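The sequence lines fix the lettering, A, B, ..., with proteins before strands; numbering per chain opens at 1. None of the values given here were measured: they were computed from a predicted structure.
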Number of protein chains: 2
Amino acid sequence: MTPQGEGLRDRRRRETRLEIHRAALRLARKHGFDKITVDMISAESGVSPRTFFNYFPNKEAALLLGPTELPSALAAEFVAAGTASPREVLADVTRLLLREMADNSPERATMHDVFALAQTHPPIHAALLARIEGFQKSLADAVAQRMGQRPEDEMPSLIAALALTAVRTGLERWSREVPQSAENDSPIPYVERAMELLRTLSAD
Amino acid sequence: MTPQGEGLRDRRRRETRLEIHRAALRLARKHGFDKITVDMISAESGVSPRTFFNYFPNKEAALLLGPTELPSALAAEFVAAGTASPREVLADVTRLLLREMADNSPERATMHDVFALAQTHPPIHAALLARIEGFQKSLADAVAQRMGQRPEDEMPSLIAALALTAVRTGLERWSREVPQSAENDSPIPYVERAMELLRTLSAD
DNA sequence: CGCAAAGTTTGCAGAGCATGCAAGAATTGC
DNA sequence: GCAATTCTTGCATGCTCTGCAAACTTTGCG
């Protein structure tokens with residue numbers, strides 16, 4: 001998780017970014033996103049307001065820390081698996097996403113909070129949707145590459161959209177259902193259930 | 001389209017709203033969304049900047065005029081069709097949406113422009129996604145009601161999401177493919193194609 | 001018609017968001 | 001240890017959006 005060859009400068013930058021993110025999330029949980037300001041977040045995280053905008057393009061972005069694209073290592077591995085039928089590819093994509101979520105357990109509490117906040121705060125919801133959409137696009141690119149199609153062809157987009165719809169539906173339910181994010185509390189069963197229902201809807 | 005029992009006041013309100021919307025779209029097409037201001041839109045549409053915000057909550061919203069929910073008449077009709085299997089309901093939803101799009105031909109040029117602008121302007125894209133999400137939620141509610149399920153159950157959400165994914169994919173391709181919105185140029189074949197591919201993906 | 005109630009427009013003030021710029025501080029590589 | 005690079009910060013500025021109150025318009029009713 002912590003890159004090896006990084007110097008002091010890189011480490012500090014990563015830490016500052018995380019610090020701002022955590023401060024934003026803490027304050028948003030406490031007061032509600034619409035009641036906090038960039039000044040408050042900056043003060044809470046010990047940087048100047050101007051510096052806040054060196055790390056995040058806007059207030060919403062500070063809440064959304066995760067990757068905005070499919071990590072290229074995973075993408076490469078996925079593409080290398082070779083051509084397959086659309087249905088097989090879809091099944092592979094869902095497996096890929098589930099595995100990725102299983103690995104990223106530390107981020108779970110954050111994901112829970114962000115999804116919960118999004119339910120009640122339209123600007124966060126919009127930002128979250130845009131973020132997911134970007135991820136979906138990079139996923140669709142990987143799918144297209146694996147299927148030997150062009151990125152603008154519909155099938156890869158549809159496959160990526162289906163898979164992420166299941167993920168999103170599962171995460172939304174999880175964040176609604178489970179009020180406090182306890183230890184060892186995983187969204188994965190929820191996502192699996194959504195994927196299962198999607199399969200039912202397809203091939204019953 | 002033009003309600004009968006509306007007085008002068010209502011008519012003016014509707015006209016002003018449309019006027020602002022058209023001004024916003026015209027300017028956004030011409031200069032790009034990030035280059036225009038609320039002051040410019042207000043001037044172009046002949047109202048004060050303050051009045052702009054009486055009609056729209058923010059700059060993005062002025063571009064998105066359409067309904068934010070499934071019209072209640074359609075919802076009622078849909079629900080009345082009675083219980084059916086998930087797959088049948090999904091097929092019905094896609095039919096419903098296609099019919100609705102066929103009827104709304106006047107809005108096509110606008111839809112084309114908005115989708116095209118969204119491709120290049122992240123804030124519009126986010127606003128559009130949020131709008132679609134809201135529509136999807138109301139659609140899911142209708143589906144839930146028809147299937148005798150609760151709104152927070154997953155199946156209705158998944159059905160609504162699938163149908164709107166097809167619509168969205170079709171519209172995106174349409175707006176990318178067809179640069180100028182000519183007369184008699186319809187997105188419907190594109191949406192139908194996306195729906196067809198989705199079926200292929202399910203039951204092949 | 002005429003008048004009171006309700007709704008609409010506008011200006012003004014003010015808080016907050018976001019960006020460019022330049023000066024100063026810290027880190028890096030040599 | 002020094003020059004180059006990168007990061008932080010303050011300042012100035014423009015834009016977004018809201019609350020409030022005054023002026024104006026429409027409406028409904030006597």
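Along DNA chain C, the nucleotide nearest to A/Arg50 and the one nearest to A/Ile36 differ in position, and the one closer to the 5' end is contacted by A/Ile36.
Here A/Thr51 does not reach the OP1 or OP2 of D/dT8: none of its side-chain N or O atoms lies under 4.0 Å away.
Taking atom CZ on B/Arg11 and atom P on D/dT26, their separation rounds to 10 Å, with Å as the unit. Rounded to an integer number of Å, the gap from A/Leu63 CG to C/dC17 P is 12 Å. Rounded to whole Å, the distance from CZ on B/Phe52 to C1' on D/dT18 is 14 Å. What separates CD of B/Glu15 from P of D/dT26 is a distance of 12 Å, to the nearest Å. The distance from atom CZ of B/Arg14 to atom P of C/dG7 is 19 Å, rounded to the nearest whole Å.
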Worksheet item: Hey, mind stepping through A/Lys137 and A/Glu133 against salt bridge (charged side-chain N to carboxylate O under 4.0 Å, His left out) and telling me if it holds?
Response: CA-CA 6 Å; A/Lys137 181 133 185 17; A/Glu133 176 78 6; over 6 Å; no

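Under a 4.0 Å N-O distance rule, the pair A/Glu196/A/Arg193 does not qualify as a salt bridge. A salt bridge links B/Glu154 with A/Arg173: at least one charged nitrogen is closer than 4.0 Å to a carboxylate oxygen.
No N or O donor and acceptor, one from the side chain of B/Arg12 and one from the base of C/dG7, sit under 3.5 Å apart.
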Which atom pairs, donor and acceptor, lie under 3.5 Å between side-chain atoms of residues 139-149 of chain B and protein residues at least two apart or in another chain?
{"residue": "B/Arg146", "atom": "NE", "partner": "B/Gly82", "partner atom": "O", "Å": "2.6"}
{"residue": "B/Arg146", "atom": "NH1", "partner": "B/Asp92", "partner atom": "OD2", "Å": "2.9"}
{"residue": "B/Arg146", "atom": "NH2", "partner": "B/Gly82", "partner atom": "O", "Å": "3.4"}
{"residue": "B/Arg146", "atom": "NH2", "partner": "B/Asp92", "partner atom": "OD2", "Å": "2.9"}

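Here the side chain of B/Ser48 is nearest to one of C/dC17, D/dT8, C/dG11, namely C/dG11.
Residue A/Pro49 is classed as having no contact, given no heavy-atom separation below 4.0 Å to the nucleic acid.
Within the structure, side-chain hydrogen bond (donor to acceptor under 3.5 Å, both in side chains) pairs that include any residue of residues 114-125 of chain A do not occur (at least two apart or interchain).
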Contact list (N/O, under 3.5 angstrom) for nucleotides 3-7 of chain D vs protein:
{"residue": "D/dT6", "atom": "O4'", "partner": "A/Arg9", "partner atom": "NH1", "Å": "3.3"}

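Under a cutoff of 6.0 Å and an axis angle of 45°, A/Arg13 and A/Tyr55 form a cation-pi pair.
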